[in-house]
Amino acid sequence: MKYICLGYMDNEVWETMSEPERQIFMDECFSYDKELKNNGHYAGGEALQDAQNATTLQWRSGRVSVTDGPFAETKEQIGGIMILEAADLNHAIRLLSKHPSLRLGRGGGSWEIRPAADLAAMIKESEQRKKG
């Protein structure tokens, strides 16, 4: 089963790290990501640019509203996503619990794990409706 994992990091924590600390942090994260790939658990993922580069779309007053920056004003921002292939949620938790970003982030990082939704049946029903 696929699990979408959202990695959060407190930018203030990142800014207080020395350059050698940042390099060690990234090297350990990349090593564990490689381990996940080699064991068939890494199904995809991407790092994200800083939240200040975000654009948020919302529906307001009958039209799309575009706002610079993230929608939520929080200390932690999404730093990246990872798609894990795991037997079940407990397996996904065990895999991500070993990710160095939790330990090296000085308490300024976290991961949210959500099962991927299987929309195949809904897509098929929608296609049938369109055919009329």
Side-chain angles (χ1 to χ4, degrees):
M1 180 165 191
K2 286 189 178 153
Y3 291 87
I4 310 304
C5 306
L6 306 173
Y8 294 86
M9 180 84 177
D10 184 338
N11 283 341
E12 290 178 14
V13 171
W14 179 258
E15 294 300 323
T16 64
M17 294 171 77
S18 69
E19 188 59 31
E21 287 175 315
R22 288 180 189 176
Q23 291 172 353
I24 290 168
F25 175 85
M26 296 309 299
D27 290 350
E28 289 194 27
C29 289
F30 293 148
S31 292
Y32 189 66
D33 292 349
K34 185 175 182 179
E35 183 180 324
L36 289 170
K37 288 176 190 174
N38 290 342
N39 291 320
H41 298 298
Y42 182 91
E46 293 291 336
L48 300 174
Q49 290 187 10
D50 193 86
Q52 69 186 13
N53 296 326
T55 300
T56 299
L57 305 180
Q58 292 178 299
W59 188 258
R60 291 189 177 178
S61 303
R63 63 185 184 93
V64 175
S65 170
V66 180
T67 307
D68 289 339
F71 178 69
E73 292 293 329
T74 62
K75 214 171 181 185
E76 287 187 340
Q77 299 291 332
I78 297 175
I81 62 167
M82 182 184 303
I83 303 171
L84 284 180
E85 190 68 50
D88 56 31
L89 179 59
N90 287 328
H91 185 213
I93 291 169
R94 284 193 308 275
L95 290 170
L96 215 45
S97 292
K98 297 176 186 175
H99 202 283
S101 61
L102 291 171
R103 180 173 38 86
L104 294 173
R106 294 185 185 167
S110 62
W111 284 95
E112 178 181 337
I113 303 171
R114 294 190 200 182
D118 182 357
L119 299 180
M122 290 176 75
I123 292 169
K124 187 175 179 179
E125 289 171 8
S126 176
E127 289 171 353
Q128 291 299 319
R129 285 192 299 272
K130 290 179 202 173
K131 289 179 183 177

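Interatomic distance, CG of L6 versus CD1 of I81, reported as 7.5 Å (0.5 Å rounding). A distance of 12.5 Å separates NE2 in H41 from OH in Y3, rounded to the nearest 0.5 Å. Atoms CG and CG, from D68 and N53 in turn, are 10.0 Å apart once rounded to the nearest 0.5 Å. Considering CZ of R94 and CG of L89, their distance stands at 10.0 Å, rounded to 0.5 Å. Atom CG of L95 and atom CD of E35 lie 9.0 Å apart (nearest 0.5 Å). Put simply, CG on L102 and OG on S110 are 8.0 Å apart, with the number rounded to the nearest 0.5 Å.
Remark: side-chain polar atoms of D10 are paired, donor with acceptor, to backbone N or O of E12 under 3.5 angstrom. Proximity of a side-chain donor or acceptor of S126 to a complementary backbone N or O of M122 within less than 3.5 Å is not detected. No donor-acceptor pair under 3.5 Å is formed between the side chain of Y42 and the backbone N or O of K34.
The closest side-chain heavy-atom distance from H91 to M1 is not below 4.5 Å. Put simply, the side chain of W59 reaches to within 4.5 Å of the side chain of V64, judged on heavy atoms. Annotation: side chain of M82 is in contact with side chain of H99 (closest heavy-atom distance under 4.5 Å). Proximity of Y32 to S101: side-chain heavy atoms (C-beta onward) are nowhere separated by under 4.5 Å. In this structure, the side chains of Q77 and L48 stay at 4.5 Å or more apart for every pair of heavy atoms. F25 places none of its side-chain heavy atoms less than 4.5 Å from the side chain of P100.
Across L84 and C5, no two heavy atoms sit closer than the pair CD1-SG, 3.7 Å.
Within 6.0 Å of CD in E46 there are 12 or fewer heavy atoms belonging to other residues, nucleotides or ligands.
Of the candidates M26, E21, E28, E28 is the only one forming a side-chain contact (heavy atoms from CB on, under 4.5 Å) with I24.
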Applying salt bridge (charged side-chain N to carboxylate O under 4.0 Å, His left out), run through R22 and E15 and close with a yes or a no. CA-CA 9 Å; R22 288 180 189 176; E15 294 300 323; 3.8 Å; yes

